[in-house]
Each structure stands twice: as structure tokens, then as C-alpha cells.
J.: 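Have a look at this one.
Ligands are counted one by one from 1 in listed order, and the atoms in each one are counted from 1 as well. These numbers come from a predicted model, not from an experiment.
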Amino acid sequence: IQRSFSSSVVRNVVIKNVTIIGGGQMGAGIAQVAASTGHSVTLVDMTDDILKKAMKGIQGSLRRVVKKKFSDDPESGDDFIQKVMQNVSTTTNPAAAVTTSDLVVEAIVENMKIKQDLFGFLDKMAPEHTIFASNTSSLPISDMASATSRPDRCGGLHFFNPVPMMKLVEVVATSSTSPETSESLLNFTKALGKTPVCCKDTPGFIVNRLLVPYMMEALRLHERGHGSKEDIDIAMKLGAGYPMGPFELSDYVGLDTIKFITDGWREKEPDNPLFAPSDLLNKLVAEGKLGKKSLEGFYKYS
Ligand code: CAA
Ligand code: NAD
């Protein structure tokens, strides 16, 4: 680890040891990509069972990556998977996990209070140089940073689902994020083989501010009876070149996540028609039909 010190603030941390909190679909993907690019990763979640499932998911995803990358040499592919898996350790104890961390990335439930509690707690446990980043889809990073004594070393690292395939990472700076922290985060995303874009700490950053209203518009169009889910999906795939239609994508992202994002934005801008609620979305979420992860959303999955 190369660090240069200036008074008590650590500059330009080269990120080697990464702690990911939350081993769900995003956290596991981030852990996989960081481990695949030679970082030492500790994945944290609430139970050993969840962590086991996350490790199984990482292995399954690595197999898909390797099938392409090492198509001529399956043995090297197996070696690669083994090496990557050795770079990941798991624990249910976040306090212990952060003591040697250069970077903490939280990818837990999209709830400000829970994220603030986590950052506030870890702030007391992590070394001074450790950068705290959030993978939030929609919440202000500055509100999370305010729960710590290190707002200059807090920022956003917003990954996209599925993390191993999506090349973009939004690197979010608040008004308190130091230029050194931003630079470390930008360098980290490049070390992951991703392409970063710089974002302000505004609702939805760039991608979600455009993508979520589009998905909600598709829902409203369907609710008005102006198109079936299937036809809208086909239309956007074949007519606009999207890899997934809006209903397929909503199921893929998680209907609870989409609902949470729009509910939060509506609280702040109640009159903005882009953030208007959808009865169908509310009904599906209330029924526990959250999309692909619960095997049913707009569509059924087996
Ligand atoms: N891990 C590893 N490899 C994967 C993978 C994963 N999770 N998912 C797909 N792949 C690779 C595999 O090589 C796969 O081939 P196999 O099935 O033989 O393993 C190959 O991609 C093709 O996959 P599929 O046949 O399943 O489908 P596809 O060609 O449509 O590609 C996709 C899948 C990359 C997900 C593509 O459909 C896509 O880009 N969809 C849009 C995703 C998107 O918009 N994501 C952003 C969501 S918004 C967000 O994330 C932000 C937020 O805050 C909510
Ligand atoms: P998920 O439900 O799949 O995973 C969340 C994980 O966090 C679960 O395994 C849960 O057990 C764990 N968790 C919850 N509270 C915890 C705590 N206090 N300590 C440790 N672990 C805890 O959710 P996800 O889809 O991976 O989303 C995670 C975050 O990433 C959210 O902030 C979400 O908005 C954001 N995000 C989601 C997507 C997406 O497409 N789903 C894309 C980008 C960003």
C-alpha cells in the first residue's frame, strides 16, 4: 500500500484491501470483480447462510466468465476461479473486517437510517485512511457521510447490475469529498477494469435519473392499457436497441428497489409527474413479487 501523509489526512490511498458490506446481488458482484482484479476482499453479511449463497453465486458467475475468457484452455480457467476465490474471505463481523481496509463499499439495503448506522459504527473501527463508499441507487451520499467523522473520505461508487458484465461505475463526489478521495476512487474503478464517470451527489446521479423515470413511464403506459408488457419489452429491444425491455429490466433490478427509489424521490418532489406512484408496482411489491430474485415480478422465473 502506498500512502503519503499530509498532516492527519491520508492522501491518494492505493486501494488493495477492500471490505464489501452486503453480499446480495450487488455486493457479491462487486466482491467478484475486485477479487478477479487482484484485490484482497472481505465480504460481510448478516448470516453465514447468506454468505455461503453469495460465494456460490460468485463461483457460478466466474464459471460463466471463464467459459468465454478461457474457452481454449479450461484448465487455466479452473486455476483462475480458484485464485479469485482465494482472494475473498467472508465474515459476519464488520468491525473486525474493516481494521485493515483501504476501502469499505456498502451494498446493503436501500435505507438511509440503516446505512447511516453502519457508517457511523464502522467510522470508529476503521483506520484513519480508510475510504467509505456507498453503492446506493438513490440516496444522498452526503447524508451517509454526515454520520462519520470523515466526510472528506466518503464518496459514491455506483455499480450496475450485473456487476461482472456492466462496464460503468459512477464515482460520486459530495461537496465534502476531497479531491484525493475522488482520485483514489477513480483509480480503483480503473483497476477493476471498469470505466468511471464523475457524478454530483444528486438524486439518481446520471443513469438512474434517466433510467428509473423511463421504467416508470413504461409501467404507466401499460397501466393505461396502451401496450402489453411483452409488446413494450419487444418494442424497446427491437425498436430502440435496449438489451432488455423495461419490464424485464425492472424484474432484473428488483421491484422493491425501483419502488424505494421513486417513493424517496416523490417525498422530495411530490409534484414531479415522473415520480408518480404506480398501483401495479405497489401491488406486486406488497405481494412479495420482487422480480427475478423472488422468482416472480412482472414475469415468472424458474
Ligand atoms: N455473470 C457473469 N457473466 C454473465 C452474467 C453474470 N451475472 N450475466 C450474463 N453474463 C454473460 C455470460 O457470458 C452469458 O453467457 P452464458 O449465459 O452462456 O453464461 C452472456 O453474458 C449472455 O447472457 P444472457 O444470454 O443471459 O443475456 P444477454 O446477452 O441479454 O446479456 C446482460 C445479459 C449483460 C445482463 C444484458 O441483457 C444487459 O446488458 N441488460 C441490461 C442490464 C442493465 O441495464 N443494467 C443496469 C440496471 S440499473 C442498475 O443496475 C442501477 C441501479 O441502481 C438500479
Ligand atoms: P440485496 O437485497 O440483493 O442485498 C442486500 C444484502 O445486504 C442482503 O444480503 C442483506 O442480508 C445485506 N444486509 C442488509 N443489512 C445489512 C447490514 N446492516 N449489515 C450487513 N449486511 C446487511 O440488494 P442489492 O440489489 O444487492 O442492493 C444493495 C444496494 O445496492 C442498495 O443500496 C441498492 O439500492 C444498490 N443498487 C442496486 C442495484 C440493483 O440493480 N439491484 C444496482 C445498483 C445499486
J.: Relative to the heavy atoms of His158, which atoms of ligand 2 are at a distance of less than 4.0 Å?
T.: 43 (C), 44 (C)

J.: Please work out, at 4.0 Å between heavy atoms, whether the side chain, the backbone, both, or neither of Asn208 comes within that distance of ligand 1.
T.: side chain

J.: Indicate yes or no for a side-chain donor-acceptor contact from Asp45 to the backbone of Ile50 under 3.5 Å, with no hydrogens or angles considered.
T.: no

J.: Hydrophobic cluster membership, with links at side-chain heavy-atom distances under 4.5 Å among I/L/V/M/F/W/Y: are Leu280 and Leu290 in one?
T.: yes

J.: With distance as the sole criterion, is a donor-acceptor pair present between the side chains of Ser142 and Asp201 under 3.5 Å?
T.: yes

J.: Any heavy atom of Glu106 closer to ligand 2 than 4.0 angstrom?
T.: no

J.: Give a yes or no answer on whether the side chain of Arg209 reaches the backbone of Thr202 with a donor-acceptor pair at less than 3.5 Å.
T.: no

J.: So, does Leu118 sit close enough to ligand 2 that a heavy atom of it is under 4.0 Å from the ligand?
T.: no

J.: What pairs of residues pass the ring-ring contact (aromatic ring centres under 6.0 Å, His included) test when at least one of them lies in residues 37-92, not counting sequence neighbours?
T.: His39-Phe188, Phe70-Phe80

J.: Does ligand 1 have a heavy atom under 4.0 Å from the side chain of Val207, from its backbone, from both, or from neither?
T.: neither

J.: For atom 35 (C) of ligand 1, which of the options Gly57, Pro162, Gly204 provides the nearest non-hydrogen atom?
T.: Pro162

J.: Are Lys229 and Glu248 within salt-bridge range, i.e. N to O under 4.0 Å?
T.: no

J.: Kindly state whether the ring of His222 and the ring of Phe247 have centres lying under 6.0 angstrom apart.
T.: yes

J.: Can you confirm whether something in the protein, heavy atoms only, sits under 4.0 Å from atom 31 (O) of ligand 1?
T.: no

J.: For Leu211 and ligand 1, answer yes if some heavy atom of the residue is under 4.0 Å from a ligand atom, otherwise no.
T.: yes

J.: For atom 50 (O) of ligand 1, which of Val212, Asn161, Ile261, Ile258 has the closest heavy atom?
T.: Asn161

J.: Just distances here: any N/O of Thr136 and N/O of ligand 2 closer than 3.5 Å?
T.: no

J.: Does any N or O of ligand 1 fall below 3.5 Å from an N or O anywhere on Lys68, backbone included?
T.: yes

J.: Tell me whether Thr148 contacts the main-chain N or O of Ala145 through its side chain, where contact means a donor paired with an acceptor under 3.5 Å.
T.: yes

J.: Decide whether Ser138 and Glu110 meet the rule of one side-chain donor and one side-chain acceptor closer than 3.5 Å.
T.: yes

J.: Just by distance, no angles: are the side chains of Thr174 and Thr177 close enough, under 3.5 Å, to form a donor-acceptor pair?
T.: yes

J.: Any nitrogen or oxygen of Ile114, main chain or side chain, under 3.5 Å from a nitrogen or oxygen of ligand 2?
T.: no

J.: Under 4.0 Å and counting heavy atoms only, is there anything from the protein next to atom 23 (O) of ligand 2?
T.: no

J.: Out of all atoms in ligand 2, which are within 4.0 Å of some heavy atom of Ile50? Include the element for each.
T.: 9 (O), 11 (O)

J.: Under 4.5 Å between side-chain heavy atoms, counting indirect links through other Ile/Leu/Val/Met/Phe/Trp/Tyr residues: same cluster for Leu157 and Val18 or not?
T.: yes

J.: Looking only at N/O atoms, are His158 and ligand 1 under 3.5 Å apart anywhere?
T.: yes

J.: With rounding to the nearest 0.5 angstrom, report the CG to CZ distance, Leu219 to Arg224.
T.: 11.0 Å

J.: Decide whether an N or O pair under 3.5 Å exists between Met26 and ligand 2.
T.: yes

J.: Please compare Ala107, Ser250, Ser138 and report which has the shortest non-hydrogen distance to atom 5 (C) of ligand 2.
T.: Ala107

J.: Closer than 4.0 Å to some heavy atom of Val253 - which atoms of ligand 1 meet that?
T.: 47 (C), 48 (S), 54 (C)

J.: Is any NZ, NE, NH1 or NH2 atom of the basic residue among Arg266 and Asp263 found under 4.0 Å from an Asp or Glu carboxylate oxygen of the other?
T.: yes

J.: Are any of the N/O atoms in Gln25 less than 3.5 Å from those in ligand 2?
T.: yes

J.: Output yes when the distance from some N or O of ligand 2 to some N or O of Thr257 is under 3.5 Å, and no in every other case.
T.: no

J.: Under a 4.0 Å threshold between the charged nitrogen and the carboxylate oxygen, would Arg220 count as salt-bridged to Glu217?
T.: yes

J.: Which of the numbered atoms in ligand 2 are below 4.0 angstrom from a heavy atom of Lys115?
T.: 31 (C), 32 (O)

J.: Does Lys67 reach ligand 1, in the sense of a heavy atom lying below 4.0 Å from it?
T.: yes

J.: Which atoms of ligand 2 sit under 4.0 Å from any heavy atom of Ser137?
T.: 33 (C), 34 (O), 35 (C), 36 (N), 37 (C), 43 (C), 44 (C)

J.: Taking atom 22 (C) of ligand 1 as the reference point, report whether a protein heavy atom occurs under 4.0 Å from it.
T.: no

J.: Run the salt-bridge test on Lys113 and Asp117 with the 4.0 Å N-O cut-off and return the result as yes or no.
T.: yes

J.: Tell me the nearest of Met244, Arg64, Met26, Gln32 to atom 12 (C) of ligand 1, using heavy-atom distances.
T.: Arg64

J.: Which of the numbered atoms in ligand 1 are under 4.0 angstrom from any heavy atom belonging to Pro243?
T.: 36 (C), 37 (O), 38 (C), 39 (O), 40 (N), 41 (C)

J.: Any protein heavy atom sitting closer than 4.0 Å to atom 47 (C) of ligand 1?
T.: yes

J.: Please tell me if atom 42 (C) of ligand 1 is touched by the protein, where touching means a protein heavy-atom distance below 4.0 Å.
T.: yes

J.: Can you check whether a protein heavy atom sits less than 4.0 angstrom from atom 19 (O) of ligand 1?
T.: yes

J.: Within a distance of under 4.0 Å, is there any protein heavy atom near atom 27 (O) of ligand 1?
T.: no

J.: Examine the proximity of ligand 1 to Ser61 and report which part, side chain or backbone, both or neither, has a heavy atom under 4.0 Å away.
T.: both

J.: Could an N or O of ligand 2 be found under 3.5 Å from any N or O of Ile108, whether backbone or side chain?
T.: yes

